[in-house]
Each structure stands twice: as C-alpha cells, then as structure tokens.
2 protein chains.
Amino acid sequence: MSLTFEGVLADRSTWRLDDCSIAKSMEVVGTRSSMLILREAFYGTTRFDDFTRRTRIGDAIVAARLKELTVIGLFDRRPYREPGKRTRYEYHLTDKGRDLFPVVFALMQWGNKHLQGDDGGPLRLVEQGTGEAVVIGARTVSGRDVDPEDLAIVAHGDWAGPQPS
Amino acid sequence: MSLTFEGVLADRSTWRLDDCSIAKSMEVVGTRSSMLILREAFYGTTRFDDFTRRTRIGDAIVAARLKELTVIGLFDRRPYREPGKRTRYEYHLTDKGRDLFPVVFALMQWGNKHLQGDDGGPLRLVEQGTGEAVVIGARTVSGRDVDPEDLAIVAHGDWAGPQPS
DNA sequence: AGGCTGGCTATCAACTAGGAAAGTCAGGTG
DNA sequence: CACCTGACTTTCCTAGTTGATAGCCAGCCT
C-alpha cells in the first residue's frame, strides 16, 4: 500500500511538506507520559493521585504534564471539594482532548496486535450493549469503510471531486 | 465522554494496568522522527535520501531509525540496483508497519483540526475515485459507526456478548 | 497551637532524542 | 590508479523526558 497523491501533489518531486500536522501533534502529545495520562482520562480518571497511581508515573511528571496539557487546552481544570477536605482540582478532557481518542486507541489496537502475546493484550474495545469488537480505521464521512488501497491525499483547496480522466 | 468498563473491570479500584499496549507502542514508535519516517513510507518513499530530504531529518537519525524500525519489523530492507550505480537498499513497509496507518493518520487528523489555522493544514485524506473526505474513527467489525459514548472496555477473555440485565 | 495529609513544586542525576559535522567505505568514473 | 559520490556511521553537544527524593503549603484534626 502506498497512498495516491492527487492534483498538484501528483509529482512528488515538486513539493515538500512544511507544516506537517503529524509533526505538530507529536510535539504536543508525543511522549509516553502524555499518552498514558490521556489513556487514564479516557478511562474516566480526573484526579491527581488517581493519575499517579494508575499510570505509575512519578507525581512530579504527572503534575508537569497535567499543567502542560491544561495550558494546551486538552484538559479543563475544575475545583472540587470533598467534605472535610480543602479545595482540590479535577482534570477533565475538553473536546480538543477527546478528539485524541482515535490516536490513543489506534496505538492500543496496534500494540494489542503486534506487541503482545497471542492473547492480544489485556484490554479490548467493544461496543456497549452489543459487545461487538470495535476497530479504529478509515471510513468516508458518509460512513463507508475505505480500503487502505483506495485512499488518496489532496492538498487543501485542491480538490473538487473526482476529475474526468 | 468516559468509557465504560465491563465485567471484572467494572470496579476501577480493584485492578491496575500492567501490560498497557499504548505504553508499549509508544516505546516503539513514540518519537517524532519515527512518525515522520512512517508518514513518508505511507506516501510511498522507500529510499534513504528521499527520507532525509522529505522529512528534513538529519541523515544520522534517519539511518538509525530505519535500522531500528527494520529490526522491529516495520520495514523490509530490499536490495536494488540502478544502472551504473552500486547496490543500495530500499525500505518497504511490512504488514506490521502498514497497520500503523490509523495511528499516523489519526495524528494528522487531530493536528489538522486543532493545531493548524482555519485552513485545517496542508493535506487531507480522501477516498480515491469519489474524492469523499475520509476520517479515522471507531466502528464495529460489522461496519457500523460507533458513537464514542457507546464504547466500552473489556478484559481479554472476559466477554461473551451482552449479558442479560 | 502543633501535627498530619495530600496535592503539588524543586532539585538532581541518568538516559534518550536530535542536530551538526566529520569519517568510512563500496564501487563507479576519468 | 586517484578521485568522487552516496549511503551510511561515529562523535560531540545540547535539550528534553523520566525517576527519585525532598520540600512546600493549605487546611483539617486534636
């Protein structure tokens, strides 16, 4: 499989990628600790000590990452107060953070398949209710699955539907 | 959104994740340089100097990564020879490497939406032929889209379809 | 008031990622 | 044969990630 380039991109020797979104994303969330904290957040964790216990990452790093991810806008920091305790903060995923869902679970899916024993790793994603296995993959906005062979890359603003050949 | 845990996982306080596939995946491909090299590989690049030019990563790092990713089994190293040149090697994605497709393009999708200007970044994925926009997301193996709200996590071997309530 | 607890903060050291630049080496060219 | 080129390799250096350990401080408890 290799992707097809459409339009102005067709000749690969005439352009180079400057503003790569993949590179930018990696600079924001491209660390093990960020990913594990995000994993926990998807699992419903919101409090500092739960993050540290469940990820087994040191508290200094968790504190630094939560701050950083909050500044970037992946977490929303909300005060809460338990009876008899002072005010603390909970960290809730924002929409921007939730949108990382495919990234985090595509990593899990790949690790389950290729880095674990034959059992396929400890956890799996299923649909609630039916229990049907869930996969992270490509589909068109209208909901059809897309075979990886049939994918193409276009430049922004360089596509007006299929061209007559 | 936070995921539901099914079966033995239901009480979050009784278990801790040891063998996390996300952590394992990040240790293998969790660097900017690996991701950019994979990006180029999906774009069809196979040769050393094309990787260095198109990713703008130094040759030392590209060499180290290609070797490492080949050892891990993401690339297959094949000799080739151009007329008047000596034998060189091309790096082709294996199935294991190709399976990282959702990871790489989920990162691109997220970066396009959240880290670029209003234009949404330089490149987009479409279906070849129809030109319809493509998204990376969750669906059941039978092909239905799954709303992130309706996802659940189960432990391996701990699910036999929906239970009577 | 004084001690304790929990959520951070600060410091230090080990390790890794990455850029730059020079070195190596097979093999083709003059 | 000497030279050159392209594909790496090696070395050096800087910056960032991580773990470990210790410190800080608000506010509850006695």
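Scope of the values below: all heavy atoms of this structure, side chains included, with no hydrogens, waters or symmetry mates. Naming: A, B, ... by sequence-line order, numbering from 1 per chain.
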Heavy-atom neighbours of A/R16 CZ exceed 12 at 6.0 Å:
no
Just N and O in the side chain of [X]: are any of them under 4.0 Å from OP1 or OP2 of [N]?
X: A/Y91; N: C/dC8; value: yes
X: A/T31; N: D/dT17; value: no
X: A/R47; N: C/dG6; value: no

Could you check which of [options] has an atom nearest any side-chain atom of [X]?
X: B/S33; options: C/dT9, C/dC8, C/dG18; result: C/dG18
X: A/R32; options: D/dT18, C/dG19, D/dT21; result: D/dT18
X: B/R77; options: D/dG19, C/dT9, D/dC8; result: D/dC8

Basic-acidic side-chain contact under 4.0 Å: A/R53, A/E40
no
Electrostatic pair A/R98:A/D95 at N-O distance under 4.0 angstrom:
yes
Quick note, ring-ring contact (aromatic ring centres under 6.0 Å, His included) partners involving residues 116-137 of chain A, not counting sequence neighbours, are none
Figure out the [atom1]/[atom2] separation between [X] and [N], and round it to whole Å.
X: B/I57; N: C/dG19; atom1: CD1; atom2: C1'; answer: 11 Å
X: B/D59; N: C/dT24; atom1: CG; atom2: C1'; answer: 13 Å
X: A/R56; N: D/dA20; atom1: CZ; atom2: P; answer: 12 Å
X: A/E27; N: C/dA17; atom1: CD; atom2: P; answer: 15 Å
X: A/E68; N: D/dT18; atom1: CD; atom2: C1'; answer: 13 Å
X: A/D50; N: C/dG6; atom1: CG; atom2: P; answer: 13 Å
X: B/I61; N: C/dT16; atom1: CD1; atom2: P; answer: 15 Å
X: A/L66; N: C/dG7; atom1: CG; atom2: C1'; answer: 11 Å

NA contact type, A/A64, heavy-atom cut-off 4.0 Å: base, sugar-phosphate, or nothing?
nothing
Nearest-nucleotide check on DNA chain D, B/F48 vs A/R88; residue mapping nearer the 5' end is B/F48
Between B/S21 and A/N112, does any side-chain donor sit less than 3.5 Å from a side-chain acceptor? yes
Give the table of side-chain donor-acceptor pairs shorter than 3.5 Å for residues 64-72 of chain B, with sequence neighbours excluded, one pair per line with atom names and distance.
from: B/R65; atom 1: NE; to: B/S33; atom 2: OG; distance (Å): 2.7
from: B/R65; atom 1: NH1; to: B/E68; atom 2: OE1; distance (Å): 2.7
from: B/T70; atom 1: OG1; to: B/L66; atom 2: O; distance (Å): 2.5

Output a table of nitrogen or oxygen pairs between the protein and nucleotides 27-30 of chain C separated by less than 3.5 Å.
from: C/dG28; atom 1: OP1; to: B/R81; atom 2: NH2; distance (Å): 2.4
from: C/dG28; atom 1: O3'; to: B/G84; atom 2: O; distance (Å): 3.2

Is there a path from A/V146 to A/V135 through hydrophobic residues (I, L, V, M, F, W, Y) whose side chains come within less than 4.5 Å of each other?
no
